[in-house]
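FYI, the numbering just counts along the sequence from 1.
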Amino acid sequence: MANLVFLISIILLPHISLAISSCNGPCQTLDDCEGQLICINGACNNDPDIDDSQCSEGGSSPSPSSDCQPMGSLSCNGESFPQYQCSPAVTSSTQATLTNNDFSEGGDGGAPSECDEAFHDNSERIVALSTGWYSGGSRCGKMIRITATNGNSVLAKVVDECDSVNGCDAEHANQPPCRNNIVDGSDAVWSALGLNKDVGEEAVTWSDA
């Protein structure tokens with residue numbers, strides 16, 4: 001009987017040791033992630049080519065998505081958009097979605113940047129952060145490091161909030177509220193990372209510099 005138990009343990013041990021990681025769990029290959037998650041920068045996350053919301057609420061947070069739930073929703077042009085006052089926890093490698101913003105007067109940013117009530121040239125390496133990460137302006141003027149999946153990184157200054165609560169008005173250029181995991185970068189940020197801004201969105205990581 002003892003030999004049988006030993007034999008079963010030998011057979012099962014390799015399978016037990018291959019842990020399947022959930023959202024934001026550590027990984028080395030695609031097989032390490034559960035469901036349709038893929039391995040990005042050593043962590044399991046949504047496949048950007050698949051409309052999968054498994055990690056959408058928690059985004060880049062190592063904490064469960066329940067830590068950051070929508071506070072409500074806002075109707076905009078017949079569509080309903082979630083509103084967030086929180087963002088995923090900031091780590092040394094916070095996963096985010098990089099979007100493109102025109103910070104100049106008349107650009108798609110709408111009103112002047114919140115940090116300094118000024119418009120900015122798109123040649124500046126600057127960003128707006130989702131409401132939770134903007135943290136009431138506590139990151140205004142501070143530098144963050146953004147790293148793309150191609151390995152390129154850039155330092156950029158926080159000048160504005162990507163409002164995750166309000167939107168659909170003139171102040172926000174009639175755009176809906178931002179998602180809670182957005183780093184909204186200028187043309188210069190995209191260029192420094194070697195990314196094509198026409199793609200619209202790119203998976204990145206960021207940290208306080």
Side-chain angles (χ1 to χ4, degrees), residues 59-61 67-68 70-74 76-77 81-150 152-209:
S60 55
S61 173
D67 289 349
C68 185
M71 56 168 282
S73 62
L74 185 67
C76 186
N77 298 321
F81 295 89
Q83 298 169 292
Y84 292 94
Q85 287 184 322
C86 57
S87 290
V90 176
T91 68
S92 60
S93 184
T94 313
Q95 295 176 35
T97 298
L98 178 70
T99 53
N100 180 243
N101 187 32
D102 182 352
F103 291 87
S104 64
E105 188 168 5
D108 53 25
S113 298
E114 277 194 29
C115 291
D116 54 12
E117 291 298 321
F119 292 104
H120 292 268
D121 193 280
N122 290 306
S123 62
E124 296 180 56
R125 295 177 179 180
I126 51 179
V127 297
L129 296 178
S130 292
T131 295
W133 290 337
Y134 180 71
S135 190
S138 66
R139 284 193 169 88
C140 276
K142 295 184 178 179
M143 305 297 287
I144 66 169
R145 179 173 296 279
I146 308 165
T147 304
T149 55
N150 60 15
N152 294 336
S153 66
V154 63
L155 286 174
K157 184 169 73 172
V158 178
V159 299
D160 204 359
E161 174 186 12
C162 194
D163 200 329
S164 303
V165 177
N166 306 295
C168 306
D169 53 19
E171 182 181 350
H172 298 88
N174 295 309
Q175 297 185 57
C178 277
R179 284 164 296 179
N180 68 341
N181 65 338
I182 297 297
V183 173
D184 205 17
S186 63
D187 290 356
V189 168
W190 281 74
S191 296
L193 292 172
L195 300 174
N196 179 7
K197 68 176 184 178
D198 293 331
V199 172
E201 295 186 357
E202 289 281 359
V204 296
T205 59
W206 73 275
S207 63
D208 292 307

- Starting from the C-alpha separation in whole Å, work towards a yes-or-no answer on side-chain contact (heavy atoms from CB on, under 4.5 Å) for D163 and Y134. CA-CA 9 Å; D163 200 329; Y134 180 71; over 6 Å; no

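- Looking at every heavy atom in both residues, S186 comes nearest to N100 through C-ND2, 3.7 Å.
- Formation of a donor-acceptor pair under 3.5 Å by the S130 side chain with backbone atoms of R179 is found in this model.
- Partner of I146 under the side chain to side chain contact (heavy atoms under 4.5 Å, CB included) criterion, out of V189, L155, T205, N152: V189 alone.
- The two atoms that bring C115 and D160 nearest to each other are SG-N, 3.8 Å, heavy atoms only.
- Scanning all heavy atoms of the two residues, the minimum distance from L98 to W190 falls at O-CZ2, 3.5 Å.
- For the atom pair K197 NZ and T99 OG1, the distance stands at 12.5 Å (nearest 0.5 Å).
- The only option from Q85, E161, Q83 that meets the side chain to side chain donor-acceptor pair (under 3.5 Å) definition with T131 turns out to be E161.
- Contacts classified as disulfide (SG to SG under 2.5 Å) and involving residues 179-209 (residues at least two apart or in different chains) are not found.
- In this structure, the side-chain contact (heavy atoms from CB on, under 4.5 Å) partners of N196, at least two apart in sequence or on a different chain, are D198, V199.
- Under 4.0 Å is where a charged nitrogen must lie from a carboxylate oxygen, and between D208 and K142 no such pair does.
- When all heavy atoms of H120 and S113 are compared, the pair lying nearest together is CD2-OG, 3.3 Å.
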- Test I144 against L129 for side-chain contact (heavy atoms from CB on, under 4.5 Å), laying out the working first. CA-CA 10 Å; I144 66 169; L129 296 178; 4.0 Å; yes

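- Around atom CZ of R125, no more than 12 heavy atoms belonging to other residues, nucleotides or ligands sit under 6.0 Å away.
- Between the T94 side chain and the W206 main chain, a donor and an acceptor come within less than 3.5 Å of each other.
- Between the side chains of S87 and N180, no donor N or O sits under 3.5 Å from an acceptor N or O.
- Nearest approach of W133 to I182, heavy atoms of both residues: CZ3-N, 3.7 Å.
- For the side-chain contact (heavy atoms from CB on, under 4.5 Å) test, no residue two or more places apart in sequence or in another chain qualifies with S191.
- Of all non-hydrogen atoms in A148 and V204, the two that sit nearest each other are CA-CG1, 4.1 Å.
- Note that the CG atom of N122 and the CG atom of D102 stand 4.5 Å from one another [nearest 0.5 Å].
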